[in-house]
Amino acid sequence: MAEAITSREQDYSQWYNDLILKGGLADYSAVRGCMVIKPYGFALWENMRDQLDRMFKETGHVNAYFPLFIPKSFLSREAAHVEGFAKECAVVTHYRLKNDPNGGGVVVDPEAKLEEELIVRPTSETIIWNTYKDWIQSYRDLPILVNQWANVVRWEMRTRLFLRTAEFLWQEGHTAHATADEAVIETRKMLDVYAQFAEEWMAVPVIKGVKTANERFAGAVDTYCIEALMQDGKALQAGTSHFLGQNFAKAFDVKFSDKENKLEYVWATSWGVSTRLIGGLVMAHSDDQGLILPPKIAPLQVVIVPIFKNDVEKGMIDNKVAEIIQNLKDLGIRVKYDDQDNVRPGWKFAEYELKGVPVRMAIGPRDLSNNVVEIARRDTKQKQSVTMDGIAFYVQALLDEIQLNIFEKARRYRDEHITRVNTWDEFVETLQNKGGFVSAHWDGTAETEEEIKTKTKATIRCIPLDNEPEEGTCILTGKPSTQRVLFALAY
RNA sequence: CGGGAGGUAGUUCAGCCCGGUAGAAUACCUGGUUUGGGACCAGGGGGUCGCAGGUUCGAAUCCUGUCCUCCCGACCA
């Protein structure tokens, strides 16, 4: 059992690392804080990316690409923005290497210093709004609904595979609008797209909400988010959508003529999700045997394992499997036939459980003579013999059922871990012993939020959008409050 | 960026304290027997001991520096 993974109970962090590494999603690299996304992990990301891309296009967006490098001066145009990112920017200062005169390989050529240093983008608002200035003159040029798929760099001190790496892949949507209303509608629309994607495709239930001033994106007027809950009771911000007001339009002087020929600043949004979603996906569903991937985005949906004693049996199984594979592929199901003969069936079973393949089919001589296959589902580990007649349709329905079951299980867990508390003692006790979201009254001040964070490490994850107004008193200060907010320990 | 731990075969690790030409298990290759939950027998290949200096007749082992990883903390998505 060289592949054994650490149990969640024993060490949750190590369990997570084991799943990523041994499940074949990613590896560490020679570069601090940067990871290698391996083919299996990248296939997962491609499935997520492709679906999100379809959803962006369905909502009227188009893709474009902006430079990796941003002139240093751009970043400082918007005061809050630079404040938010300054501490984690990688800076390009030179453009040439030369041979070390002392024979130590290559060194930076001091003659080749850049006139203006370039920042490796931590996000692209500045370069994009500098560009939009040239694209926008009148209300007829609006809205601009652009997305880009890109990598960004944030020089993190402490990194975790997928959850927080120095370089990561994401998409960033950047839209420009004639009115504040339209921009707010766009912000909310994309939040809905993210929520729908998380729940229907990743099977991760999320809470839609708005961030407090403390947690807001640097440069935004309002930051909306989807928050997910991991199995260790910690929350994970899975996506954000920002109403940027006119902050960037003013910083980059982007104005348009309205219908009355008056010059107005443009209204903006930006929104993004990243490879961090993969970390959330892993922690939301998986178990001590390995990954559990939702069928809709799993790189492989079905693996077929033959069981045979000799070439004759193998040949008979091959023939039957070829037929089944064709039927599955006709339904658009992603299937792999693992007929390696150097590992035995039991090894393969364990391997594909580790990799989270939703459905496994085993076919041996006994099955052939009985016209059945053994079907095992990853989410519940149930095994049963199923007739081969119409097997592809059976599998198709089973994949749907697994997708739903994974989501329902995660939703039950999430719902059981939203605790309403009314006193400070209950609040602390719940955070310590139960975890999850804690719904409590807060007096609305940044100072109180900060003090709660210092005392408990819990932050306000969001003010849920579907909040009911409710009179109450702040759990810390006892001051009046009009609604509950969700606190949690977070990634 | 601070505190702690670690880096030796593809992988997991022993060897280091007390310096003397590098080991186990597993994986891999060959042959055979096997195959319904991580097979067995026999033979075989594989490591500049993270990297760079230093001490020494001699360094995986001692010293210095450096890189990467994990855990905890501060910071952040």
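Labels below follow one simple rule: chain letters A, B, ... track the order of the sequence lines, proteins then strands, and each chain is numbered from 1.
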So which nucleotide does B:rU56 pair with, by the Watson-Crick or G-U wobble rule with both distances under 3.5 Å?
none
Is A:Q289 touching bases, backbone alone, or none of the nucleic acid, heavy atoms closer than 4.0 Å?
nothing
Tell me the interatomic distance from A:R360, atom CZ, to B:rG38, atom C1', rounded to whole angstroms.
12 Å
Between A:R158 and B:rC70, is there a side-chain N or O to OP1/OP2 distance below 4.0 Å?
no
If you measure from the P atom in B:rG20 to the same atom in B:rC63, how many Å do you get, rounded?
15 Å
Please state whether the base of B:rG37 and the side chain of A:E351 form at least one donor-acceptor pair under 3.5 Å?
no
Could you tell me whether the side chain of A:E78 reaches within less than 4.5 Å of the side chain of A:W129, counting heavy atoms only?
no
Looking only at side-chain N and O atoms, does A:R32 come under 4.0 Å of OP1 or OP2 in B:rC68?
yes
Using a heavy-atom cut-off of 4.0 Å across all strands, would you classify A:F168 as base, sugar-phosphate, or nothing?
base
Plane angle bin for A:W267 and A:F243 - parallel if under 30°, tilted between 30 and 60°, otherwise perpendicular:
parallel
Give A:V31 one of three labels, base, sugar-phosphate or nothing, depending on what nucleic acid heavy atoms sit under 4.0 Å from its own.
sugar-phosphate
Now, which nucleotide makes the Watson-Crick or G-U wobble pair with B:rA24, with each of the two distances under 3.5 Å?
B:rU12
Pairwise side-chain contact, A:Q384 with A:Q382, heavy-atom cut-off 4.5 Å (strictly under)
no
Counterpart base for B:rG46, defined by Watson-Crick or G-U wobble contacts under 3.5 Å:
none
Main chain of A:M283, side chain of A:Q231: is a donor-acceptor contact present, judged purely on distance under 3.5 Å?
yes
At 4.0 Å (heavy atoms only), tell me whether A:L236 reaches a base, stays on the sugar-phosphate, or touches nothing.
nothing
Is there a side-chain contact between A:K22 and the phosphate of B:rU11, meaning an N or O under 4.0 Å from OP1 or OP2?
no
Taking the ring of A:W45 and the ring of A:F162, is the distance between their centroids below 6.0 Å?
no
A:K383 (side chain) and B:rG37 (base): donor-acceptor pair under 3.5 Å:
yes
Whole-Å distance, A:L161 CG to B:rC70 C1', equals 11 Å
Considering every strand and a 4.0 Å limit on heavy-atom distances, what is the contact class for A:N17: base, sugar-phosphate, or nothing?
sugar-phosphate
Within the structure shown, what part of the strands sits under 4.0 Å from A:T240 by heavy-atom distance: base, sugar-phosphate, or nothing?
nothing
Choosing from B:rA74, B:rA77, B:rC76, which nucleotide comes nearest the side chain of A:Q237?
B:rA77
Checking all strands, does A:E88 fall into the base, sugar-phosphate, or nothing category for heavy-atom contacts under 4.0 angstrom?
sugar-phosphate
Measuring only the C1' atom in each nucleotide, how far is B:rA24 from B:rU8? A whole number of Å is fine.
13 Å
Rounded interatomic separation in angstrom, taking CH2 from A:W155 and P from B:rA74:
23 Å
Could you state the atom-to-atom distance from NZ of A:K314 to C1' of B:rG36 in whole Å?
17 Å
Measure the shortest side-chain to side-chain distance between A:M157 and A:E88 over non-hydrogen atoms and say whether it is less than 4.5 angstrom.
no
To the nearest Å, how far apart are A:D341 CG and B:rU35 C1'?
10 Å
Classify A:G239 by what it touches in the nucleic acid, base, sugar-phosphate, or nothing, heavy-atom distance under 4.0 Å.
nothing
So, A:T223 side chain and A:F217 main chain: donor-acceptor pair closer than 3.5 Å or not?
yes
Specify the separation, in whole Å, of atom CZ of A:R276 and atom P of B:rC76.
13 Å
Using atom C1' of each nucleotide, how far apart are B:rG43 and B:rG4 to the nearest Å?
46 Å
Among B:rG38, B:rC70, B:rA77, which nucleotide sits nearest the side chain of A:A350?
B:rG38
For A:T6, report the nucleic acid contact type (base, sugar-phosphate, nothing); a contact means any heavy atom under 4.0 Å.
nothing
Residues A:D287 and A:K381 bridged, charged N to O under 4.0 Å
yes
Is a donor-acceptor contact shorter than 3.5 angstrom present between the side chain of A:R344 and the base of B:rG36?
no
Nearest-nucleotide comparison on RNA chain B, the residue closer to the 5′ end among A:A218 and A:G33
A:G33
Rounded interatomic separation in angstrom, taking CG from A:N310 and P from B:rG36:
14 Å
Rounded C1' spacing from B:rC16 to B:rA59 in Å:
11 Å
G-U wobble or Watson-Crick pairing nucleotide for B:rG2 (cut-off 3.5 Å, both distances)
B:rC72
Select base, sugar-phosphate, or nothing to describe what A:Y28 touches, counting heavy atoms under 4.0 Å on all strands.
sugar-phosphate
Closest-nucleotide mapping onto RNA chain B: is A:F349 or A:S13 further toward the 5' terminus? I mean the 5' end.
A:F349
Quick one: label A:A362 by what it contacts on the DNA or RNA (base, sugar-phosphate, nothing), any heavy atom closer than 4.0 Å.
base
In Watson-Crick or G-U wobble terms, both distances under 3.5 Å, what is the partner of B:rG38?
none
Between CG of A:D311 and C1' of B:rU33 the distance, given in whole Å, is 14 Å
I'd like the C1' distance from B:rC40 over to B:rU35, given in whole Å.
12 Å
Using the P atom in both, what is the distance from B:rA22 to B:rC29, to the nearest Å?
27 Å
A:E313/A:R366 ion pair, N-O < 4.0 Å
no
Using the C1' atom as the point on both nucleotides, what is the distance between B:rU12 and B:rG38, in whole Å?
16 Å
Given the P atoms of B:rG7 and B:rC49, what is the spacing between them in whole Å?
14 Å
Give a yes or no on whether a donor-acceptor pair under 3.5 Å exists between the nucleobase atoms of B:rC76, that is its base, and the side chain of A:R164.
yes
